[in-house]
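Basis for what follows: all heavy atoms, side chains included, without hydrogens, waters or symmetry-related copies. Chain letters run A, B, ... following the sequence lines, proteins first, then strands; residues in each count from 1.
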Number of protein chains: 2
Amino acid sequence: MTFSRQTSAGYLVNDLARRFAAALQTRIKPMGLSTGVFPVMVQLWERTELTQAELVRRIGVEQATMANTLSRMHRDGLIERRQSPDDGRVQVIHLTEKGKALRDPAIEAALSVNRSALSGLTPEERDQFLGLLAKVVETFGQHDDGPPPTDP
Amino acid sequence: MTFSRQTSAGYLVNDLARRFAAALQTRIKPMGLSTGVFPVMVQLWERTELTQAELVRRIGVEQATMANTLSRMHRDGLIERRQSPDDGRVQVIHLTEKGKALRDPAIEAALSVNRSALSGLTPEERDQFLGLLAKVVETFGQHDDGPPPTDP
DNA sequence: ATATATTGCATAGCGTGCTATTCTTATGTA
DNA sequence: TACATAAGAATAGCACGCTATGCAATATAT
C-alpha cells in the first residue's frame, strides 16, 4: 500500500490552500486585513448590515470561529456591533467607514491572486479547474463528512 | 468590480481543504492521529529515521511548525528523539512501535478520503483534476509568492 | 586562533479553524 | 403562568499554520 503526495488530492488541495492564503495575505496585510477576515468583508461589502448568524450561514464556518473573527475585526476597527431592538440576542454587524473604504483594493488583491495562480493554465483549463473544484465540493456536501461507505 | 466565491479559485480551494481535513480527521482521530501529524508519519513510514530539518525539507512546512508538531507527536508517543553523535545540533526522529503499527490503517484512511472525495468524477476527470492541481501548485512555486506583476 | 557566519532547533505570540460548554433571551407548551 | 426548549452569542481549550527571536553547535574566513 503506497501513498504519494503527487497523486493525493487531499495533499495537493491542502498545499494549494496554504499557498493561496500566503499570497492573499501578503497583498491584504498592508491594508490591515487578513485571510480569515476577508470572507466576512466580502459579505458586508454587499449588504452592510448582517447578523452574526447570517454570516455563519453564508460563509460556512462554525459559530465560534465567526465570533472570534468578529472580535478581531472589531478590535481592528473594521466593524461595529449594534444590539437589535427586535431581538435581544442578536448583534447586528455593520462595516465602519474604514472597512467600507477597503472594498476596491481588497477585491482587486484577491482577484489578482486568482489571476496569478491560474496564469499557467489555458482559459479552457481554468474553466475545467473551477468546475472540478465546485464538483468535488458538491460531492463532499452530499454526506458532508462521515465514515467511508461500507463495502459489501 | 465583483467577487463571487463560485468563481474564485482561492475560495474554493480553501473550502475544499477544510473539508478534506475534516474528513481525514474523523477517520484518523480514533487511531490517535491528527491531520498535521499525518504528513510526518508518511515520511517516517518510508524511512524510519529522519532529521527534523529533513522533514521540513520534504514536507514544505516552516521549521517552527515542524518543531511544534514533533512536540505533540512525542507527547502522544508516536516518535522519539535521539541526539545525533555526529552533530550536536541535530535530533534524529524515529517512530515508536506504536507509530509504526498505524501505517496500514492510516494510509487506508487517507486513500479512502481521496476516493470518497473524487467519487463524483469520472476517471478522466480525476486525472484532469490531479493534473490541474499539480500545475497550479507549480505556477505558485515559480515565484513562490510576491506582489502581482506591475502592469504597464 | 579568533571572529564571523551558518545551521538546527526551541520558544513566544498570533491568526484561523475546530469542539464543547455556558449564558441570555425568545418561544413553545403544560 | 411556569417550565422546558431552542436560538444567538461568548468563552475555553486545542490543532496547525505562520513570523520573529534566541541559543547552541558547527563551519568558514581572516
Practice prompt. By nearest nucleotide on DNA chain C, pick out whichever of B/Ala64 and A/Asn68 is the more 5' one.
Written response: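 So the residue in question is B/Ala64.
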Practice prompt. Hey, which sits more toward the 5' end of DNA chain C by its nearest nucleotide, B/Arg81 or A/Val37?
Written response: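 Result of the comparison: B/Arg81.
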Item to complete: To the nearest 0.5 angstrom, please state how far the CZ atom of A/Arg58 sits from the CD atom of A/Glu54.
Response: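 Here the interatomic distance stands at 4.5 Å.
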Practice prompt. Please round to the nearest 0.5 Å and tell me the distance separating atom CG of B/Leu133 and atom CZ of A/Phe129.
Written response: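 The CZ atom of A/Phe129 is 5.0 Å from CG of B/Leu133, to the nearest 0.5 Å.
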Between [options], which nucleotide gets closest to the side-chain atoms of [X]?
{"X": "B/Thr51", "options": "C/dG17, C/dC9, D/dG8", "value": "C/dC9"}
{"X": "A/Glu62", "options": "C/dA10, C/dT19, C/dG17", "value": "C/dT19"}
{"X": "B/Asp87", "options": "C/dA10, D/dT11, D/dA25", "value": "D/dA25"}

Determine: side-chain N/O of [X] to OP1/OP2 of [N], distance under 4.0 Å, yes or no.
{"X": "A/Arg75", "N": "C/dG15", "result": "yes"}
{"X": "A/Thr65", "N": "C/dC18", "result": "yes"}
{"X": "A/Gln52", "N": "D/dA10", "result": "yes"}

Give the rounded distance in Å between these two atoms: [atom1] of [X] and [atom2] of [N].
{"X": "A/Leu50", "N": "D/dA9", "atom1": "CG", "atom2": "P", "answer": "11 Å"}
{"X": "B/Leu70", "N": "D/dA15", "atom1": "CG", "atom2": "P", "answer": "14 Å"}
{"X": "B/Asn14", "N": "D/dC18", "atom1": "CG", "atom2": "C1'", "answer": "15 Å"}
{"X": "A/Ile93", "N": "D/dA10", "atom1": "CD1", "atom2": "C1'", "answer": "12 Å"}
{"X": "A/His74", "N": "D/dA10", "atom1": "NE2", "atom2": "P", "answer": "11 Å"}
{"X": "A/Gln63", "N": "D/dA12", "atom1": "CD", "atom2": "P", "answer": "14 Å"}
{"X": "B/Met73", "N": "C/dA10", "atom1": "CE", "atom2": "P", "answer": "13 Å"}
{"X": "A/Glu54", "N": "D/dG8", "atom1": "CD", "atom2": "C1'", "answer": "12 Å"}

Worksheet item: Is the backbone of B/Arg89 close enough, under 3.5 Å, to the side chain of B/Asp87 for a donor and an acceptor to pair up by distance?
Response: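 Present.
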Worksheet item: Mapping A/Gln91 and A/Arg18 onto DNA chain D by nearest heavy atom, which one lands closer to the 5' end?
Response: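 Whichever sits nearer the 5' end wins; that is A/Gln91.
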Worksheet item: Of A/Arg57 and B/Arg89, whose nearest nucleotide on DNA chain D comes first from the 5' end?
Response: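 Nearest-nucleotide comparison on DNA chain D picks A/Arg57.
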Worksheet item: Do A/Val90 and A/Leu50 belong to the same hydrophobic cluster, where Ile, Leu, Val, Met, Phe, Trp and Tyr are linked whenever their side-chain heavy atoms lie under 4.5 Å apart, directly or via other members?
Response: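 Different hydrophobic clusters.
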Discussion item. Ignoring hydrogens and geometry beyond distance, is the side chain of B/Gln25 in donor-acceptor contact with the base of D/dA15 at under 3.5 Å?
Written reply: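 Result: no qualifying N/O pair found.
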Under 4.0 Å, counting only non-hydrogen atoms across every strand here, what does [X] touch: a base, just sugar-phosphate, or nothing?
{"X": "B/Thr35", "answer": "sugar-phosphate"}
{"X": "B/Val61", "answer": "sugar-phosphate"}
{"X": "A/Ser71", "answer": "nothing"}
{"X": "A/Ala21", "answer": "nothing"}

Discussion item. What I'd like to find out is whether the side chain of B/Thr51 reaches to under 4.5 Å of the side chain of B/Ile93, using heavy atoms alone.
Written reply: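 No, every pair of side-chain atoms sits at 4.5 Å or beyond.
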Discussion item. Using the rule given for ring-ring contact (aromatic ring centres under 6.0 Å, His included), can you reason through B/Tyr11 versus A/Phe38, listing the C-alpha separation, both sets of side-chain angles and the distance that settles it, and then say yes or no?
Written reply: CA-CA 10 Å; B/Tyr11 219 108; A/Phe38 194 84; 7.9 Å; no
